[in-house]
Structure formats: structure tokens, C-alpha cells
Amino acid sequence: MIRLKWIHHIHGVLFVLLLLSGLFLYFPTTRTWFNELRFPLVPFHIWTSILYATVILFSLRSVFKYVKNKPYIKFYNVGFNVTFIFIWIVTGVVMYFHTYFPPEMTNIAVYLHGLFTFLFIPWLLVHTIGHLFKLHLPWPKWWKRKAPVPESIAENKLNRRDFIKFTSLGVLFLFIGGAIKWFQPILNITDPNARRGYFRIYNVTSDYPTYEDTEWTFTVSGLVNNQKTFTMEDMQQLPTHTIVDDFHCVTGWSVLNVEMKGVLVNDIFTEYNISPEGPYVTAYSGDKVYYDTFTVSQLLDEGAMLVFQFDGEKLVHSQGFPCRLYHPKMYGYKSVKWIERLEFTNHRAKGYWQTWGGYDLDGYL
Ligand SMILES: Nc1nc2c(c(=O)[nH]1)N[C@H]1C(S)=C(S)[C@@H](COP(=O)(O)O)O[C@H]1N2
Ligand SMILES: [Mo]
């Protein structure tokens with residue numbers, strides 16, 4: 001059984017790497033840290049999972065052969081693991097190939113991927129602690145094959161062990177209950193026009209600008225006939241434009257039916273007689289790190305706008321207050337938050353995520 005023992009260890013190490021990278025990706029703060037370190041966490045997670053799935057696939061038969069005649073508890077243990085692994089793989093594949101699935105489905109996949117990870121953590125703790133300290137958990141005899149049902153069950157008595165089991169089940173259901181609360185807005189059957197899903201708040205820097213209401217300015221620079229800096233007051237003179245649109249991130253999550261209010265970039269340019277003299281433009285964030293690039297026509301002819309409100313509310317600081325760029329036909333990474341400057345150029349640079357994450361330059365949905 002040497003081989004199975006080794007597989008168990010390899011499986012354990014890979015699993016911990018997946019769990020850690022997954023949790024780091026899940027929490028906005030840790031995700032930002034890894035962005036700052038320029039550690040490619042998403043590719044790391046994906047490659048580790050491919051390796052992991054391969055190990056599972058090749059060992060599945062011998063594992064099942066091994067547990068076939070073992071106590072039920074071992075058998076259920078493997079079954080439990082395989083079920084979870086199956087769910088992670090299916091949802092992970094849907095997330096990776098999200099362009100081929102409707103956004104409702106990828107949203108559910110993102111949600112389940114996280115949910116099942118959290119549900120797994122209590123089991124993992126018990127399992128690991130048991131192995132590390134060589135604890136033999138006092139599972140009731142009737143878990144074992146061919147053993148008779150114990151008296152306590154036959155007599156319908158509740159002993160301490162059962163009490164602990166019921167309590168942990170209760171906690172588990174609380175978990176699930178909390179998760180269902182998160183889940184509800186994804187479906188939102190009651191009001192089909194309401195926003196569905198959650199923004200996951202993606203920032204590549206820990207300290208982003210937190211502007212006061214009047215502090216922010218927006219500058220048009222580089223190859224234009226008329227370089228100009230706008231204040232918030234200037235922006236408020238311009239005609240407003242409202243759209244209801246679906247916001248998609250390339251990592252697979254979406255937020256559907258977001259009402260966005262702002263001004264069209266094109267309106268600013270016509271109103272102030274600004275005409276670009278270079279074919280490309282870079283949009284810079286006030287966080288001094290993030291930026292992305294467009295062709296002039298993508299920015300002026302395709303409905304790109306400076307957005308000030310989501311669903312009738314000012315943007316929150318973490319989501320770009322007071323202003324973020326938005327292109328209705330492109331992925332979320334084109335939506336530069338805390339946008340403070342456009343620079344027109346002769347050459348097209350790569351944006352932040354094109355440089356560090358290999359994202360597509362244009363980013364059309
Ligand atoms: N300044 C700045 N803008 C940014 C980002 C960023 O890290 N910094 N992330 C982009 C990405 S990849 C996405 S998906 C969206 C996420 O928007 P949210 O944080 O409001 O959910 O913002 C985009 N704009
Ligand atoms: Mo994104």
C-alpha cells in the first residue's frame with residue numbers, strides 16, 4: 001500500500017496549494033497582495049488543479065479497490081471527497097470557459113466553487129488534525145461493515161458523541177443558510193430588472209485614491225488639439241447618459257442589470273471641441289498603477305463613458321469613486337477605476353493586465 005500512501009500525500013500537498021491559492025483569490029485583500037507581488041495566482045491555481053485532477057484520475061481505481069472492503073467510514077470519506085472534487089472541476093471548467101456559457105450559469109459556477117470550498121474546510125481540519133496527531137476518531141461501531149446497530153441508537157438515546165455530531169451539522173446548515181442569502185440575488189426571481197450578482201472588487205493596489213467630492217480632476221493630454229483638465233463641476237454641465245448593462249470580468253463572474261450613469265466620452269470631446277491627433281489612447285488610473293489602452297474609435301464611437309453612478313448611487317471608494325471608465329462591449333478590466341487622465345499617442349501600449357496577465361488588448365466580450 002506504499003503507492004496509495006504516496007498518492008495520499010501528493011494529493012494532500014496539491015490540495016493545500018489549491019485551497020490556499022483559491023482563498024487568496026477569493027478575498028479582495030489577499031488577491032491585491034499577490035497582484036502587488038506580481039505573482040500569477042490565477043495561472044498557478046489552474047495549473048495546480050490540472051495536475052491535481054490528473055493525480056485523482058490515475059489513482060481513483062486503486063483507491064476504490066482499497067476502500068471496497070474497509071469500514072464504511074473510509075468508503076464514505078472517499079465518496080465525499082470525490083463528490084466535492086467533481087463539483088470543483090465542473091464549476092472550474094465552466095469558469096475557465098465562461099465565454100461559452102450564459103452568464104447566469106458562470107455566476108452560479110463561481111458561487112458553487114467558493115461555497116463547496118468553504119463547506120470542505122471543517123472536514124479538512126478534522127481529517128488533517130486526525131492524521132497529524134494519529135488520532136483515531138471514535139466513530140460509532142455501526143459505521144463499520146457488518147457491525148450491529150448500537151444499543152444507544154436502538155434505544156433512541158442521545159449520547160455525547162451524537163450531540164457533538166448534531167451540533168456540527170447545525171453549524172454546517174448555518175453556513176449553507178448564509179450562503180443561500182448570497183445566492184438569492186444571482187437568481188432574483190422576484191424582480192428581473194434588479195441587479196443580479198456581486199462585484200468582487202478587483203484592485204491591483206492596496207492603497208487606491210480616496211478622493212473628496214471636489215478633489216478629483218480629469219485630464220485630456222498627449223496628441224490632441226486642445227489639452228484640457230476638467231473638474232467635477234465641468235462634468236456636471238455635460239448631458240448625462242444612463243445605460244443598464246451586464247458587467248463581465250474575464251475571470252468568470254458577472255453582475256447583471258447594472259444601471260450606470262455618467263457622460264459619454266464622445267460628448268466631452270464634441271462639447272469642448274477636442275479632437276485627437278493620435279490614433280491610440282491610454283486611460284490612466286489615479287492609483288498610479290493601473291491603466292489600459294484603446295483605439296480612438298473604440299473610445300469615441302462605441303459608447304464608452306465616464307461612469308459616476310451605479311444603480312443611482314455614487315460609486316463607493318473601492319469601486320472607483322468618483323469616476324470609472326466603462327466600455328459597454330468590453331470586459332471589466334477595461335473599466336479603469338479612479339480614471340484621471342487620457343493620453344493620446346501614436347503607438348499603442350499594452351495595458352496593465354495585458355502586460356502581467358496576458359489579457360487580450362481589445363478585450364471585447
Ligand atoms: N484602477 C483599477 N481599475 C480596475 C482594476 C484595478 O485593479 N485597478 N481592475 C479591473 C478589473 S480586472 C475588473 S473585473 C473591474 C472590477 O470592478 P470592481 O472592483 O468594481 O468589481 O475593475 C477593473 N478596473
Ligand atoms: Mo477582471
Side-chain angles (χ1 to χ4, degrees), residues 24-43 45-46 95-96 98-99 103 106-107 110-111 114 182 185-186 195-211 216 218 245-262 282-294 304-311 313-343 350-365:
F24 289 149
L25 280 169
Y26 180 84
F27 295 107
T29 321
T30 45
R31 186 171 50 233
T32 298
W33 291 343
F34 279 88
N35 281 333
E36 286 176 329
L37 291 172
R38 301 277 148 79
F39 185 90
L41 206 51
V42 174
H45 189 76
I46 292 170
M95 281 157 79
Y96 187 78
H98 61 93
T99 44
T106 55
N107 264 0
V110 173
Y111 166 79
W182 272 75
I186 299 179
R195 181 198 284 194
R196 278 176 287 155
Y198 294 94
F199 281 95
R200 302 234 159 193
I201 317 296
Y202 274 18
N203 291 329
V204 297
T205 52
S206 315
D207 55 327
Y208 47 76
T210 48
Y211 296 101
W216 174 81
F218 174 70
D245 208 0
D246 299 339
F247 189 100
H248 301 284
C249 171
V250 272
T251 60
W253 58 268
S254 308
V255 191
L256 309 183
N257 288 325
V258 188
E259 187 193 284
M260 305 184 207
K261 187 174 171 188
T282 304
Y284 289 99
S285 167
D287 66 16
K288 308 294 179 209
V289 176
Y290 201 81
Y291 63 98
D292 211 327
T293 68
F294 300 83
M305 57 197 281
L306 296 184
V307 170
F308 297 93
Q309 288 188 6
F310 275 177
D311 291 324
E313 309 266 348
K314 287 180 189 172
L315 299 176
V316 293
H317 281 295
S318 60
Q319 288 197 277
F321 179 84
C323 183
R324 69 191 291 168
L325 186 62
Y326 182 70
H327 189 298
K329 296 186 186 69
M330 293 183 179
Y331 276 111
Y333 64 89
K334 289 285 174 176
S335 175
V336 176
K337 300 193 277 190
W338 312 284
I339 184 167
E340 63 162 22
R341 190 161 63 91
L342 290 180
E343 185 181 21
K350 283 182 170 184
Y352 179 94
W353 276 123
Q354 288 84 349
T355 310
W356 297 105
Y359 288 18
D360 180 65
L361 198 53
D362 288 331
Y364 283 108
L365 293 170

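Heavy atoms only: backbone and side chains are in, while hydrogens, waters and symmetry mates are out. Small disclaimer: the values here were computed from a predicted structure and weren't measured. Just so you know, ligand 1 is whichever comes first in the structure, and atom 1 is the first atom listed for that ligand.
Near S285, the atoms of ligand 1 lying under 4.0 angstrom from a non-hydrogen atom of the residue are 1 (N). Interface atoms of ligand 1 facing I201, defined by a heavy-atom separation under 4.0 Å, are 18 (P), 19 (O), 21 (O). Atoms of ligand 1 found under 4.0 Å from any heavy atom of W338 (numbered from 1 in listed order, with element): 1 (N), 2 (C). Within the listing of ligand 1, atoms 21 (O) sit less than 4.0 angstrom from a heavy atom of R200. Each of the atoms 14 (S) of ligand 1 lies under 4.0 Å from some heavy atom of C249. Atoms of ligand 1 found under 4.0 Å from any heavy atom of F247, numbered from 1 in the order shown, are 15 (C), 17 (O).
Here Y333 has heavy atoms under 4.0 Å from ligand 1 in both its backbone and its side chain. The side chain of W253, and not its backbone, has at least one atom closer than 4.0 Å to an atom of ligand 1 (non-hydrogen atoms only; side chain from C-beta on). Residue Y352 does not touch ligand 1, judged by heavy-atom distances below 4.0 Å.
Residue F199 has no nitrogen or oxygen atom sitting less than 3.5 Å from a nitrogen or oxygen atom of ligand 1, judged on distance alone. Taking distance alone, with nitrogen or oxygen atoms compared against 3.5 Å, Q319 approaches ligand 1 more closely than that limit. At least one N or O atom of K337 sits closer than 3.5 Å to an N or O atom of ligand 1. Between D287 and ligand 1, at least one N/O pair is under 3.5 Å apart. Annotation: S335 places an N or O atom under 3.5 Å from an N or O atom of ligand 1; distance criterion only.
Of all heavy-atom pairs between T32 and N203, the closest is OG1-O, 2.9 Å.
Looking only at distances, a side-chain donor or acceptor of D360 sits under 3.5 Å from a matching main-chain atom of D362.
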| Verdict with reasoning, Y284 to Y290, per ring-ring contact (aromatic ring centres under 6.0 Å, His included) | CA-CA 6 Å; Y284 289 99; Y290 201 81; over 10 Å; no

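Each of Y359, Y291, W353, Y326 was scored for a ring pair (Phe, Tyr, Trp, His ring centres under 6.0 Å) with Y333, with one residue passing: Y359.
For the pair R324 and W338, the cation-pi test (distance below 6.0 Å, angle within 45°) is failed. Relative to the ring axis of F294, K334 places its NZ or CZ within 45° and under 6.0 Å from the centre.
For K261 and E259, the salt-bridge test fails: no basic side-chain N is under 4.0 Å from an acidic carboxylate O.
With no hydrogens or angles considered, no side-chain donor-acceptor pair links S285 and Y208 at under 3.5 Å. Side-chain atoms of T205 and E36 include no donor-acceptor pair closer than 3.5 Å. Residues H317 and T210 have side chains that never bring a donor and an acceptor to within less than 3.5 angstrom of each other.
Within the structure, the closest approach of R324 to ligand 1 falls below 4.0 Å when heavy atoms are considered.
The nearest protein atom to atom 23 (C) of ligand 1, hydrogens excluded, is given as G332 O, 3.2 Å; this is a heavy-atom distance. In this structure, atom 7 (O) of ligand 1 lies nearest to the protein heavy atom V204 N, 2.9 Å. For atom 5 (C) of ligand 1, the closest non-hydrogen atom on the protein side is Y202 O, 3.4 Å. Looking from atom 8 (N) of ligand 1 to the surrounding protein, the closest heavy atom is Y290 CG, 3.4 Å.
Between W253 and F247, the ring-plane angle classifies as parallel under the 30° and 60° cut-offs. Y331 and H98 have perpendicular rings, their planes meeting at more than 60° on a 0 to 90° scale where under 30° would count as parallel.
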